[in-house]
Amino acid sequence: MCFSPLCDCLARKQVRQPGRPAIRPLPPVPMLLSRYFLPILRETPKEAEILSHRLMLRAGMIRQEAAGIYAWLPLGFKVLQKVTQIVREEMDRAGAIELLMPTLQLAELWRETGRYDAYGPEMLRIKDRHERELLYGPTNEDMITEIFRAYVHSYRELPKILYHIQWKFRDEQRPRFGVMRGREFLMKDAYSFDIDEPAARRSYQRMFVAYLRIFDRMGLRAIPMRAETGPIGGDLSHEFIILAETGESGVFCDADILDLPIPDESIDYDADLEPIIKDWTRLYAATDEVHDPARFERETPPERRVRRRGIEVGQVFYFGDKYSRPMRALVTGSDGVERPVIGGSYGVGVSRLVGALIEANHDEAGIIWPNSVAPFAIGIANLKVGDEASDAACAKIYGALKKAGIDVLYDDLDERPGAKFARLDLIGLPYQIIVGPKGLAEAKVEVKTRRTGAREMMSVGEAIARFAV
RNA sequence: CGGGGUAUGGCGCAGCCUGGUAGCGCGGAAGUUUUGGGUACUUCAGGUCGCAGGUUCGAAUCCUGCUGCCCCGACCA
């Protein structure tokens with residue numbers, strides 16, 4: 001089994017081999033609960049309807065500041081960072097290049113594509129002190145195209161995929177479901193630039209495969225579903241949907257999709273990705289918006305027909321010269337002819353993913369984080385603070401795990417055991433090491449796996465060896 | 001954007017109909033007690049009752065306007 005702190009294969013392995021510890025300590029910030037900022041709510045705020053929203057509020061992950069606008073408290077922010085980092089690593093692996101564009105954009109830019117007037121009240125418009133019209137970016141096609149055209153003029157510099165992870169604002173008529181449908185949200189948006197349609201198709205495939213890996217690393221089974229392509233047409237648009245009871249859209253797919261293999265980290269993005277895409281798009285998969293019952297029944301045997309609910313966590317699409325033509329983002333081909341660069345864009349709802357992860361991973365007691373995104377990998381509960389043996393055992397375990405570079409939260413508060421159990425279960429750390437006089441009387445501590453509820457008594461040394469490599 | 005709710009201490013709520021010094025539970029502080037799944041008790045702190053007007057001797061309560069938030073629909077990463 002792989003224990004390397006630098007290896008990102010662990011989340012997936014853990015999902016497929018439940019019960020085996022796999023810790024991914026990045027970035028490790030060991031913490032004493034007495035020094036942390038973790039405002040747990042015992043009762044559920046009434047405004048929270050959906051489960052992930054309730055749990056995020058109760059676990060002290062977020063605080064609502066306005067409709068659809070949230071402050072990310074330390075625990076929530078840690079998860080958000082871990083999700084962000086996975087997205088970043090997989091984009092980088094696929095050859096995309098990170099930059100950072102501003103949240104505010106000039107209206108003038110959006111007028112070039114006609115989108116300033118077309119976008120509607122969903123776009124937040126602002127004026128500065130000089131009465132210049134600005135907007136809080138709901139997306140960045142216009143700006144990235146502006147950047148691209150300023151510097152790139154030759155096919156020799158292509159292909160390029162640029163991305164950033166930045167806050168967006170869409171003034172939704174009705175924000176709800178906590179971070180799943182906020183007005184302000186964190187999104188990874190990537191943009192590809194190619195000389196022609198076949199090349200653009202290859203960029204699309206790169207992002208498609210990268211998306212399979214991103215969600216897989218978070219322990220999510222995201223199903224690419226053919227989506228509406230808008231005015232440009234073509235067959236190149238997919239939504240990535242994860243199955244969850246509380247999903248917003250109905251989902252219909254072939255059960256076999258759920259077992260398709262995910263390309264591992266050794267994948268060569270420069271190779272032909274067509275076979276992978278074919279595998280993943282061969283079987284029926286559609287949201288209720290584009291669902292074709294007749295075709296579903298024709299192509300999918302009854303026992304493989306899956307009818308569930310799903311949450312959209314990503315979308316990829318090809319848009320050709322929709323922006324490059326009006327904005328005159330032109331590149332010269334090998335034939336010496338200047339033509340609009342061919343583009344696509346690729347979004348992942350990063351902050352939404354945090355909510356979606358909870359929707360897909362919880363029980364009555366609270367959240368159950370997949371290892372790869374857990375805010376802390378392990379929680380240590382000292383059931384009797386002040387008891388010499390308990391304090392010493394906890395200190396030893398905490399010190400060893402900390403030294404091993406593991407993200408560990410040590411509950412050193414002087415509280416009742418019941419409160420500690422309830423809190424640890426609520427915040428959903430994958431493993432709990434429970435230390436108290438009863439166990440220590442037999443020189444044992446208890447290691448509990450949150451997901452399965454399995455408990456195992458072992459010595460302090462064994463508990464440390466279990467997690468620290 | 002249509003429809004419906006709601007606004008009282010950090011959180012969850014009662015009080016409003018039938019105006020008369022603002023209450024309960026949780027949480028917080030101090031203490032006693034307890035100690036392996038949210039312990040019990042005592043004491044304490046904490047609220048211009050969303051905002052602005054109006055009616056009245058007197059308004060959380062009645063009237064008018066505004067705002068925030070939530071839910072149901074149509075729309076969206």
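Lettering follows sequence order; numbering is per chain, from 1. Because the structure is a prediction, the values reported are computed rather than measured.
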Handout entry: Contacts of type side-chain hydrogen bond (donor to acceptor under 3.5 Å, both in side chains), residue A/R149, not counting sequence neighbours
Key = A/E112

Exercise for the section: Starting from P on B/G73, measure out to CD on A/E172 and report it in whole angstrom. Expected result: 15 Å

Practice task
Any chance you could list the contact pattern along nucleotides 34-44 of chain B? Use B for base contacts, S for sugar-phosphate-only contacts and - for none, protein heavy atoms under 4.0 Å, 5' to 3'.
Solution key: BSBBBB-----

Exercise for the section: Please work out which residues in residues 342-359 of chain A have a non-hydrogen atom less than 4.0 Å from an atom of RNA chain B and list them by number. Expected result: A/G349, A/R352

Fill in the blank from the handout: Separation of B/C76 atom P from A/I241 atom CD1, nearest Å, is 13 Å

Exercise for the section: Could you please name the partner base of B/G73, counting Watson-Crick and G-U wobble pairs only when both distances are under 3.5 Å? Expected result: B/C1

Handout entry: Short side-chain N/O contact to B/A77 OP1/OP2 from A/Q315, under 4.0 Å
Key = yes

Between protein and nucleic acid, restricted to nucleotides 23-25 of chain B and to nitrogen or oxygen atoms under 3.5 Å apart, what atom pairs and distances do you find?
unit_1 : atom_1 : unit_2 : atom_2 : d
B/G25  : N2     : A/E43  : OE2    : 2.8

Exercise for the section: Keeping to residues at least two apart or across chains, list the salt bridge (charged side-chain N to carboxylate O under 4.0 Å, His left out) pairs with something in residues 357-385 of chain A. Expected result: A/D363-A/R450

Exercise for the section: Apply side-chain hydrogen bond (donor to acceptor under 3.5 Å, both in side chains) to A/D194 and list each qualifying residue two or more places apart in sequence or on a separate chain. Expected result: A/S203

Handout entry: Listed partners of A/D292 passing side-chain hydrogen bond (donor to acceptor under 3.5 Å, both in side chains), at least two apart
Key = none

Completion exercise
With sequence neighbours left out, the residues meeting ring-ring contact (aromatic ring centres under 6.0 Å, His included) with A/F148 are A/F193

Practice task
Please list all pairs passing the ring-ring contact (aromatic ring centres under 6.0 Å, His included) test where one or both residues lie in residues 352-398 of chain A, with sequence neighbours left out.
Solution key: A/Y36-A/F376, A/Y398-A/Y410

Practice task
Could you list all the ring-ring contact (aromatic ring centres under 6.0 Å, His included) pairs where at least one residue sits in residues 85-126 of chain A, not counting sequence neighbours?
Solution key: A/W110-A/Y119

Handout entry: Aromatic ring proximity, centroids under 6.0 angstrom, A/F467 and A/Y431
Key = yes

Just the atom pairs and distances: protein N or O near nucleotides 67-72 of chain B's N or O, under 3.5 Å.
unit_1 : atom_1 : unit_2 : atom_2 : d
B/C69  : OP1    : A/A67  : N      : 2.8
B/C69  : O3'    : A/Q64  : NE2    : 3.2
B/C70  : OP1    : A/Q64  : NE2    : 3.0
B/C70  : O3'    : A/E47  : O      : 3.2
B/C72  : OP2    : A/R174 : NH1    : 3.3
B/C72  : OP2    : A/R174 : NH2    : 2.2

Handout entry: Donor-acceptor side-chain pairing of A/Q85 and A/E89 below 3.5 angstrom
Key = yes

Handout entry: side-chain hydrogen bond (donor to acceptor under 3.5 Å, both in side chains) partners of A/K168, counting only residues at least two apart
Key = A/D189

